[in-house]
Amino acid sequence: MPEDVPHVIQLAPSVLSADAGRLADAAAQVEAAGADLLHIDVMDGHFVPNITFGPPVVAALRRATALPLDVHLMVRDPEYLVDACIDAGADVVTVHWEAVTHLERLLAHIRLRERLAGIAVNPATPISLLAEVWDECDWLLVMSVNPGFGGQPFWPRAIHKVQTAHERRGGLARPRIAVDGGVDDSTAPQLAAAGADVLIAGSYVFDGQQPAVRLANLRRAVTPALPPP
């Protein structure tokens, strides 16, 4: 990519931090404000210490917005939920490296269903462990907090992990590199400069009930970013 071409960043508000009783309104607000995707965290209380949404909520949000739905399965044995989430309207389905026994097979199944197949890695999981499934991955989600709850402080070493992933893919367009956890207008430019393509922001967007203002702040923060060398 020529150096004068901006690195275009996609913004994906996470409804984990929205008012659970008004998720359709939250989706409509961020869609109107220019969000690129809607991020939905599905948690089971086992893989992570929290319980959130499931396929029925994915289906309800599919009816509420035209935004692509990015479904992140923070669950033990995610293979039992993949098809239900796809049937509910997921466009991207991301499973955790730490939670899947037969990862290559599950990624192949998601792609066979004509959805983007994603791998999420916790802070302590190195990018090098993905070498054998790299070519099966459309979407790489770097967790910059330990998953389970919104509002946690950003883990600075995630920037290095994003750089490592960006270098690993070379000049290819995939996998798309997403980051989730502690994303705000101060961390976003660093992540964009490191090579991130998608920034997932929950509490920053929805805390304070001004999602349009917060999304505009994020967009301004990453717009000057150029692709790393």
Side-chain angles (χ1 to χ4, degrees), residues 6-43 52-74 78 81-95 110-111 113-120 137-144 147 150 173-181 183-185 188 191-192 196-223:
H7 182 195
V8 178
I9 306 298
Q10 292 187 307
L11 302 180
S14 171
V15 293
L16 176 64
S17 298
D19 183 341
R22 302 182 61 192
L23 292 183
D25 291 341
Q29 282 183 304
V30 296
E31 182 176 2
D36 299 292
L37 305 100
L38 192 69
H39 186 81
I40 306 170
D41 288 314
V42 175
M43 305 183 192
T52 56
F53 313 121
V57 172
V58 176
L61 287 168
R62 176 70 294 153
R63 295 189 296 270
T65 180
L67 290 173
L69 300 184
D70 167 27
V71 176
H72 177 193
L73 296 179
M74 299 186 193
L81 279 176
V82 162
D83 282 316
C85 288
I86 291 173
D87 293 341
D91 297 285
V92 183
V93 179
T94 299
V95 300
I110 295 170
R111 297 176 84 182
R113 293 290 315 268
E114 300 183 338
R115 299 301 191 272
L116 296 183
I119 304 173
C137 176
D138 300 305
W139 192 271
L140 173 60
L141 175 53
V142 175
M143 295 301 301
S144 44
R174 55 177 294 275
R176 302 281 287 169
I177 301 171
V179 184
D180 186 3
V183 173
D184 59 23
D185 55 358
L191 293 166
D197 305 294
V198 182
L199 300 180
I200 298 162
S203 57
Y204 177 76
V205 170
F206 288 108
D207 285 1
Q209 306 301 312
Q210 291 184 314
V213 173
R214 293 297 180 85
L215 277 174
N217 290 346
L218 281 180
R219 189 74 70 187
R220 281 194 298 270
V222 300
T223 295

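Numbers here are sequence positions counted from 1. What you see below is based on every heavy atom in this structure, not just the backbone, and it leaves out hydrogens, waters and symmetry mates.
Between the CD1 atom of Ile40 and the CG atom of Leu69 there is a distance of 4.5 Å, given to the nearest 0.5 Å. Distance CZ/Arg176 to CG/Leu116: 9.5 Å, rounded to 0.5 Å.
The side-chain heavy atoms of Phe53 and Leu61, taken from C-beta on, include no pair separated by under 4.5 Å. Between Val198 and His39 there is no side-chain heavy-atom pair separated by less than 4.5 Å.
Using a cutoff of 4.0 Å between basic side-chain nitrogens and carboxylate oxygens, Arg22 and Asp19 are not scored as salt-bridged. Of the charged side-chain nitrogens involved, none lies within less than 4.0 Å of a carboxylate oxygen, so that Arg115 and Asp83 do not count as a salt-bridged pair. The residues Asp87 and Arg113 are annotated as salt-bridged, a charged nitrogen and a carboxylate oxygen being separated by less than 4.0 angstrom.
Nearest heavy atoms, Thr94 versus Ile119: CG2-C, 3.7 Å. Among all heavy-atom pairs drawn from Leu215 and Ala35, the shortest one is CD1-CB, 4.1 Å. Of all heavy-atom pairs spanning Gly89 and Arg62, the tightest one is O-NH1, 3.4 Å. Contact record, Ala90 with Val58: N-CG1, 4.1 Å, taken as the closest heavy-atom pair. The minimum heavy-atom distance linking Ala27 with Thr65 is given by the pair CB-CB, 4.1 Å. Shown here for Pro175 and Asp197, the closest heavy-atom pair between the two residues is O-OD2, 4.3 Å.
In this structure, the side chain of Asp36 does not engage the main chain of Ala12 through any donor-acceptor pair within 3.5 Å.
For the side-chain contact (heavy atoms from CB on, under 4.5 Å) test with Val179, the passing option among Ile200, Leu191, Leu140 is Leu191; the others fail. Paired with Pro13 under the rule side-chain contact (heavy atoms from CB on, under 4.5 Å), one option of Leu218, Val30, Leu67, Leu199 passes, and it is Val30.
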Test log, rule side chain to side chain contact (heavy atoms under 4.5 Å, CB included), inputs Asp41 and Asp180 = CA-CA 11 Å; Asp41 288 314; Asp180 186 3; 4.1 Å; yes

Apply the test side chain to side chain donor-acceptor pair (under 3.5 Å) to residues His72 and Asp70: give CA-CA distance (whole Å), side-chain angles for both, the deciding distance (0.1 Å), then the verdict.
-> CA-CA 6 Å; His72 177 193; Asp70 167 27; over 6 Å; no

Enumerate donor-acceptor pairs with a distance under 3.5 Å from any side-chain N or O in residues 201-208 to protein atoms, sequence neighbours excluded.
| residue | atom | partner | partner atom | Å |
| --- | --- | --- | --- | --- |
| Tyr204 | OH | Asp185 | OD2 | 3.3 |
| Tyr204 | OH | Asn217 | ND2 | 3.3 |

